[in-house]
Amino acid sequence: MCKKTESKKWGKRIFDIIQIGQREDMISRFFDYFIVAVIFINIVAMFLETFDEMNPYFNIIRGIEMATMIIFMLEYILRVATAQYLFPEKDKRSAVLSYILSADGIIMLLTILPFFYLSGFVVFRMLRVVRIFHLFRINNTYDSFHVITQVIYEKRNQIISSVFIVVILMMASSLCMYSAEHNAQPTVFKNALSGFWWSMSTIFTVGYGDIYPVTVLGKMMTFVITLLGVGVIAIPTGIISAGFVEQYTQMQKQDSLSAGGRRTVSANVDDKSPFKGMRVKEVEEKYSITVSVIVRKESVLLPSDSIVFENEDIVVYQEN
């Protein structure tokens, strides 16, 4: 029984270390910085081995690459072994499966597997490019990166709508250019889909010049489509910019509340918590509090009106 308790104790300690480090836990913070450094070293080694000038140092680069991949494999094994602490509501087997199928688990696995590629297969060599996605894991370590993903997540519906508008404009412009240019350039605009490359370079104002209209009608439509493209592409940019302003305003609000000396309280959300299932705005209005931050599993969320409190969230708020 003691051995089982001791094993759980060590498992929980390993889990705390390999997860996002608390400022007071120096070992965990050091592990975060160490992993970030290993990720960058691995990516740099992958780039260096593509230079012919580095051929004399190939064995050294390959050794560095192997050492970093061993570290990644050990980290992956530890994360799988401690998955039950990440998903405490599930049994061990379900927790392990949940982690393996999670975004972080898939990224880690895809960055490890290409190391064992078979040189005779191009597909396995191409999989090595997936290793660069390891950089996304840095997002879990630094709050500044998390703000970016938080803004995109909060504005995802508006961004998806704007992208949908861009796709519709590309389809319409491609079809129009086919109708105007097919007779004049049958080999360039073979069908309605042939204009997609042209419409993309035009709407995004890149203008490569490899495909262009030669008829008067085609040139007139290109003028209109280019103007529409400038306006349409500015929509998602404005949405994201507005999201950053909102996040910055919220952060300033939190700083001013902290400076005001108001009492800060933390609460765990569970089945008995009145916060569960409610939105941030509803909780703040009903209980006269100001939510400062929400800790959800591996993420630290800045509060926004649309966030719904879930089970096992940790809510840090200030009483008004």
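Keep in mind that the numbers below use all heavy atoms, side chains included, and drop hydrogens, waters and symmetry copies. Just so it is clear, the model here is predicted, and its values are computed rather than measured.
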For a side chain to side chain contact (heavy atoms under 4.5 Å, CB included) check, start with the C-alpha distance between R13 and I27, then their side-chain angles and the critical distance, and finish with the verdict.
CA-CA 10 Å; R13 180 54 183 154; I27 297 178; 3.7 Å; yes
Are I61 and F51 connected into the same hydrophobic cluster when the rule is that any two of I, L, V, M, F, W, Y join if their side-chain heavy atoms are below 4.5 Å apart?
yes
Are any side-chain N or O atoms of Q185 and backbone N or O atoms of K190, one a donor and one an acceptor, separated by less than 3.5 Å?
no
Interatomic distance, OG1@T202 vs OH@Y212, rounded to 0.5 Å, equals 13.0 Å
Taking atom CE of M220 as the centre, does the number of heavy atoms from other residues, nucleotides or ligands within less than 6.0 Å exceed 12?
no
Anything under 30° is parallel, anything over 60° is perpendicular, the rest tilted; go ahead and classify F30 against F34.
parallel
Take a 6.0 Å sphere around CE of M278 and say whether it holds more than 12 heavy atoms from other residues, nucleotides or ligands.
yes
Please answer: with hydrophobic residues joined when any side-chain heavy atoms are less than 4.5 Å apart, are M66 and I41 in the same cluster?
no
Separation between CG (L175) and CZ (F189), nearest 0.5 Å, reads 12.0 Å
Could you tell me whether F87 atom CZ has more than 12 heavy atoms of other residues or ligands within 6.0 Å of it?
yes
Please name the pair of heavy atoms, one in S173 and one in S199, separated by the smallest distance, quoted to 0.1 Å.
OG-CB, 3.1 Å
Tell me whether L78 is reachable from V38 by hopping between hydrophobic residues (I, L, V, M, F, W, Y) whose side-chain heavy atoms are closer than 4.5 Å.
yes
Gap separating the CD atom of Q158 from the CD1 atom of I239, nearest 0.5 angstrom
5.5 Å
Any chance you could lay out the side chain to side chain contact (heavy atoms under 4.5 Å, CB included) test for V315 and V269, step after step, and finish with the verdict?
CA-CA 7 Å; V315 185; V269 178; 3.6 Å; yes
Identify whether I100 and L74 are in the same connected component of the hydrophobic contact network (ILVMFWY, side-chain heavy atoms under 4.5 Å).
yes
From CD1 (I106) to CG (L109), nearest 0.5 Å:
8.5 Å
For the pair S98 (side chain) and S94 (backbone), establish whether a donor and an acceptor sit closer than 3.5 Å, ignoring hydrogens and angles.
yes
Going by an N to O cut-off under 4.0 Å, is there a salt bridge joining K276 and D271?
yes
Can you check whether I64's main-chain N or O pairs, donor with acceptor, with T68's side chain at less than 3.5 Å?
yes
Distance-only side-chain donor-acceptor flag, S273 / D270, under 3.5 Å:
no
Exercise: do T290 and E284 side chains pair donor with acceptor under 3.5 Å:
no
Would K12 pass as a cation-pi partner of F15, given that its NZ or CZ must be under 6.0 Å from the six-membered ring centre and within 45 degrees of the axis?
no
For the pair S102 (side chain) and Y99 (backbone), establish whether a donor and an acceptor sit closer than 3.5 Å, ignoring hydrogens and angles.
yes
Applying the 4.5 Å side-chain criterion to the ILVMFWY set and letting contacts propagate, would I165 and V163 be lumped into a single cluster?
yes
Closest contact, heavy atoms only, N183 versus P186:
O-CD, 3.8 Å
Correct closest heavy-atom pair for F275 and V283 would be CE2-CG1, 3.6 Å
Check whether any side-chain N or O of E65 sits under 3.5 Å from a backbone N or O of N42 as a donor-acceptor pair, and report yes or no.
no
Heavy-atom closest pair (Q84 atom, A95 atom, distance to 0.1 Å) is CA-CB, 3.6 Å
Determine whether a donor-acceptor pair (N or O, by modelled atom type, separation under 3.5 Å) exists between the side chain of E181 and the backbone of V214.
yes
Provide the closest heavy-atom pair for I294 versus F309 in the form atom of the first, atom of the second, distance.
CD1-CE2, 3.7 Å
Atom of P213, atom of M177 and distance for their closest heavy-atom approach
CB-CE, 3.4 Å
